Structures are given as C-alpha cells and as structure tokens.
*Asks:* 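Sharing a structure here in structure tokens format.
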2 protein chains.
Amino acid sequence: MLAIMKEIPDRLTIGELSARSGMAASALRYYEELGLISSTRTAGGQRRYARATLRRVAFVRAAQQVGLSLDEAREAMARLPADRAPNAREWSRVARRWEARVEERIAELQRLKERLGGCVGCGCLSLQKCRLYNPGDQVAERGPGPRHLIEDVPLSS
Amino acid sequence: MLAIMKEIPDRLTIGELSARSGMAASALRYYEELGLISSTRTAGGQRRYARATLRRVAFVRAAQQVGLSLDEAREAMARLPADRAPNAREWSRVARRWEARVEERIAELQRLKERLGGCVGCGCLSLQKCRLYNPGDQVAERGPGPRHLIEDVPLSS
DNA sequence: CCTTGACCTCAAGCACACTTGAAGTAGCAG
DNA sequence: CTGCTACTTCAAGTGTGCTTGAGGTCAAGG
C-alpha cells in the first residue's frame, strides 16, 4: 500500500488534474491562460502540473464560492507559492483576508435569514402592528403583509 | 409629515423604481421582459409600477445573493402575489424554502471558514504533525504546509 | 405652447466563465 | 511500429445578466 502507488505521480497530466480536481480540462487550460495556474511542458508540448496545482484549483473553487472573480482569486493567490505548499506565515497572511470576506458574506446571509424568518418566526400574525419589523410605523401601504422583511432598502449613499 | 408626502406615489415610474430599488432602469426593463416584475402602461405607453414591485425587486436581489438565477427567483416569486404584499401564509410558504437555501449556504461558508482558519487558529505551527488537519497521516508531499486546509477534495461520486 | 428630461423600442454589445469543434500531435500499450 | 487515446492550438460559440446606442415619444414646468 505504500510501495506500489503509481497513482499520485509527481507531475499530473491535464486529464489527471481534471479528474482529481473535478474541473473540466478546458477550464484548467482557461485558468492557465488567465495565470491562475501554471505548468511545465513535455518535449512534445503537453502540460504537466505540479501536485500543488491541485491546491490552487481548490483555492479557486473556494474563492468563487465566496463570490470572488477569477481575477480576484489570482490576486489573492499571488501571495502563495505556485509550486509548493505555503508555509504557516504565507498561509495566514492570505487566510486572514479571506476570513474577513467569508465572515462578511455569512453576516450578510444571516441578516437576510432574519428578514426572511422574522415575522413568521415571531408568531405575530397581525403583521401590520409588528413594531419589530415595522419600525417607526411609516408604512403607507394598504393591505396586510410583512412589509419590511424584504423591501425598499434606501441605498441613499 | 403625514399630509404632504407627494413622495411615495401610488404608481412608480421606472425612474422612481430605479432610484428606490437601486437597480438601473435597463435592468428593470430586463426583469420585466423575463417576467420577474410587471407594469401597467400610461396612455402614452410609459410603464407604471405598483409599489409592491419594490418588494419584488428586493426579493430578486436577495435571491441572487443566495445564488439563485433570475429564473429560479421568478419561480420562487410565482407563489407571491404580484400586486400586493403577501399575507402570512403566502409568505411563510416561500420563506421556508428560502431559509433552507440560506442556511445551506451559510453552512457551506462556515465549513470553508474552518478549513481556512483551522491550522493557523489552532496554534500548531509544525503543521505536518497536526492530526486535526492531517487525518490518517496520508500526505505524501514534501515540504511544510497545511495541506488539508485546501486540497484535493476527491469528488469520487 | 414649448422645451426639456424622462421615457419608449429594438438591436447590438459586453463581461465573465467557460465549452465546443476542427484539425492535428504526443505518448504509451501491445 | 501500429494504433489508440489523450493531448495540442485556435477560433468560435454559449448562457447569464445586464448596458449602450440610435432614433423617436411622452409629460410636466414655465
């Protein structure tokens, strides 16, 4: 189990990287074109990726989940070594920026969740009167309904 | 303050809706084309929106944040009345589906956050040995670094 | 009434993130 | 050495979510 693992080769073909990362080969070529990942070439011109590339691809996927563009992901990764795993110092520099972003996004969603569930959750079914979600009572609309759950964010800045 | 509020008219022009929703007028026309919102027309053919449309636009924005496409947003809103605020029953039906989605997304991000902060946060700087993030010790790569923070999700399904 | 700014339609364009297709080459198993 | 699959490049196409521009009309203040 230790000796004969001809899987996990040192340099991955694009097909192997694709299989292991879950990204289409075309997407990986695209990423390389954008400078998100890099490869060496064989004598015949085929790409070979360092295994660390797997981590970079995963990083990109994660970045996209947080709402970063590929360009922003590239910027973030510029601080990480391309060909080896990052050390603690390198990693924490990058991770800290990320955490802020992730937390921001989590907070955003939690606010949304509150607005969604609030009135229904608070059990007040005569929704017009709910001070919690009708602050200042400045709702001028007829008809029942949890007006302030989703509505009219001023955006006055 | 109650009498002379000629703001908050009953039917909004596209410009007013744009200003109050923060969406460009072109985007609102696009939404209307897709059936996300609707309008009546003046004799001259200009759009006039019910104020409830403001809520629908906000709903769309929120939906996008959660990762829904405009098409999915339209589907979700199909269960809400187009021209008035939803009542509690109508609202809770829709909100419940949403909450699941939002929570799912929050959970996703929190998992990501843990993977990001984990090793750095746990204070273990000789990262090779960290059992927490190096489970089973099956890492075959040279060099230091928090390998399992971001790497090689098998995706074997 | 007249001007002016907000509105109208329709077609085209754009940015992002890829995918697809054509035509050809590399590399490995037998 | 053959044959087959995985690879190569380059150009063009796709889907989503809009924006822009041309050419024209509406509606409200002066």
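Below, chains carry the letters A, B, ... as their sequence lines are ordered, and counting in each starts from 1. What you see below is based on every heavy atom in this structure, not just the backbone, and it leaves out hydrogens, waters and symmetry mates. Worth saying up front: this structure is predicted, and the values here are computed from it rather than measured.
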*Asks:* Expressed in angstrom and rounded to an integer, what is the separation of A:Leu28 atom CG from D:dT9 atom C1'?
*Replies:*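 One finds 16 Å between C1' of D:dT9 and CG of A:Leu28, rounded.
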*Asks:* Between the main-chain N or O of A:Arg48 and the side-chain N or O of A:Ser39, is there a donor-acceptor pair closer than 3.5 Å?
*Replies:* no
*Asks:* Hey, does the side chain of B:Ser21 reach the backbone of B:Leu17 with a donor-acceptor pair shorter than 3.5 angstrom?
*Replies:* yes
*Asks:* Please determine if a side-chain N or O atom of B:Tyr31 lies less than 4.0 Å away from the OP1 or OP2 oxygen of D:dG17.
*Replies:* no
*Asks:* Rounded to the nearest 0.5 Å, what separates atom CD in A:Glu33 from atom CG in A:Leu70?
*Replies:*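 Taking CD in A:Glu33 and CG in A:Leu70, the distance rounds to 11.5 Å.
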*Asks:* Is A:Glu72 reaching over with its side chain to a backbone N or O of A:Ser69, donor-acceptor style, under 3.5 angstrom?
*Replies:* yes
*Asks:* Can you tell me which nucleotide in C:dG27, D:dA27, C:dT19 comes closest to the side chain of A:Thr42?
*Replies:*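 Minimum distance to the A:Thr42 side chain belongs to C:dG27.
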*Asks:* Can you tell me which nucleotide in D:dG17, C:dT19, C:dC18 comes closest to the side chain of B:Tyr30?
*Replies:* D:dG17
*Asks:* For A:Ala43 and A:Ser26, find the nucleotide of DNA chain C closest to each by heavy atoms; which residue's nucleotide sits nearer the 5' end?
*Replies:*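 Taking each residue's closest nucleotide, the earlier one in sequence belongs to A:Ser26.
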*Asks:* In the structure I gave you, are the side-chain heavy atoms of B:Glu104 and B:Val66 within less than 4.5 Å of one another anywhere?
*Replies:* no
*Asks:* At a heavy-atom distance below 4.0 Å, what parts of residues 63-78 of chain B sit against DNA chain D?
*Replies:*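 B:Gln64, B:Ser69, B:Leu70 - these, ordered by number, are the residues of the stretch whose heavy atoms sit under 4.0 Å from the strand.
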*Asks:* Ignoring hydrogens and angles, tell me if any N or O in the side chain of A:Arg105 forms a donor-acceptor pair with the backbone of B:Leu109 under 3.5 Å.
*Replies:*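 Checking the backbone N and O of B:Leu109 against the side chain of A:Arg105, no donor-acceptor pair under 3.5 Å is found.
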*Asks:* For the side chain of B:Ser18 and the backbone of B:Met23, is there at least one donor-acceptor N/O pair under 3.5 Å apart?
*Replies:* yes
*Asks:* At under 4.0 Å between heavy atoms, which parts of nucleotides 6-13 of chain C does protein reach? Answer with one letter per nucleotide, 5' to 3': B base, S sugar-phosphate only, - none.
*Replies:* -SSB----
*Asks:* Are any non-hydrogen side-chain atoms of A:Thr13 and A:Arg47 less than 4.5 angstrom apart?
*Replies:*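 The answer is no; the side chains never approach within 4.5 Å.
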